[in-house]
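Shown next, in structure tokens, is the structure this report addresses.
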Amino acid sequence: MAGETVITVIGNLVDDPELRFTPSGAAVAKFRVASTPRTFDRQTNEWKDGESLFLTCAVWRQAAENVAESLQRGMRVIVQGRLKQRSYEDREGIKRTVFELDVEEVGPSLRNATAKVAKTSGGGGVQRSAPAVGRPVADDAWAAPEPPF
């Protein structure tokens, strides 16, 4: 939709993703990301951490199941989605406002880690064509152990 605030956050998972299912059967995974800015102080010649941003994130359907299976607490992740603001009253009757992220894309950061990606069979609403009959799996560029160039 027009006018939505799309942001990308790079940070560490605070908790393991929590996978749940709605009454209609849709999967949703919730997790929190902590992002802490670091700056170099030239006077002391050392790195200083700024104030951390903690952001609750929700991802839906097949991506939710993939997140719950692939990511865990402490992992550095890259998360992109729509920033949402929600207001509510707490138990003491105080009005509170929170910011949450409706996740479109999420994955591990490969700055200090490696990952092996395995495609899932679920399409998540995207139509995928079936492989050609008689075509060997070895011809699949994603299945090749090395780049084809």
Open item on the list: Rounded to the nearest 0.5 Å, what separates atom CZ in Arg32 from atom CG in Asp15?
Closed with: 5.0 Å
Task: Greater than 12 external heavy atoms within 6.0 Å of Arg38's CZ - done: yes
Open item on the list: To check you understand the geometry: which heavy-atom pair defines the closest contact between Arg96 and Asp90, and what is its length?
Closed with: NE-OD2, 3.1 Å
Open item on the list: As an exercise, state the distance from CD of Glu105 to CD1 of Ile78, rounded to the nearest 0.5 Å.
Closed with: 11.0 Å
Open item on the list: Could you check whether any side-chain heavy atom of Asn45 comes within less than 4.5 Å of a side-chain heavy atom of Phe40, counting everything from C-beta outward?
Closed with: yes
Open item on the list: If I take atom CH2 from residue Trp47 and atom OG1 from residue Thr39, how far apart are they, to the nearest 0.5 angstrom?
Closed with: 7.5 Å
TODO: Could you tell me which non-hydrogen atom of Phe99 sits nearest to which non-hydrogen atom of Leu55, and how far apart they are?
DONE: O-CD1, 3.5 Å
TODO: Kindly give the heavy-atom pair with the smallest separation between Asp102 and Lys84, and that separation in Å.
DONE: OD2-CE, 3.3 Å
Open item on the list: Between Val98 and Val28, is there shared hydrophobic-cluster membership here, with clusters defined by ILVMFWY side-chain heavy atoms closer than 4.5 Å?
Closed with: no
Open item on the list: With rounding to the nearest 0.5 angstrom, report the NZ to CG distance, Lys30 to Leu19.
Closed with: 12.5 Å
Open item on the list: On a heavy-atom basis, which atom in Gly74 and which in Asn12 lie closest, and how many Å separate them?
Closed with: O-OD1, 4.0 Å
TODO: Evaluate the side-chain proximity of Val77 to Leu71: yes if any heavy-atom separation is below 4.5 Å, no if none is.
DONE: yes
TODO: Please report the closest heavy-atom contact between Ala29 and Ala64, naming both atoms and the distance.
DONE: N-CB, 3.4 Å
- [ ] Please report the closest heavy-atom contact between Gln72 and Pro17, naming both atoms and the distance.
- [x] CA-CD, 4.2 Å
Open item on the list: Test side chain to side chain contact (heavy atoms under 4.5 Å, CB included) on Leu13 and Val33; report intermediate values, then the result.
Closed with: CA-CA 5 Å; Leu13 287 183; Val33 174; 4.0 Å; yes
Task: Pair Tyr88-Thr97, side chain to side chain contact (heavy atoms under 4.5 Å, CB included): steps then yes or no - done: CA-CA 6 Å; Tyr88 67 97; Thr97 301; over 6 Å; no
- [ ] Working to the nearest 0.5 Å, report the span between CD1 of Ile7 and CZ of Arg82.
- [x] 11.5 Å
- [ ] Group every Ile, Leu, Val, Met, Phe, Trp and Tyr by side-chain heavy-atom contacts under 4.5 Å, then state whether Val6 and Val79 land in the same group.
- [x] no
TODO: Give a yes or no on whether the backbone of Ile10 and the side-chain of Ser35 come within a donor-acceptor separation of less than 3.5 Å.
DONE: yes
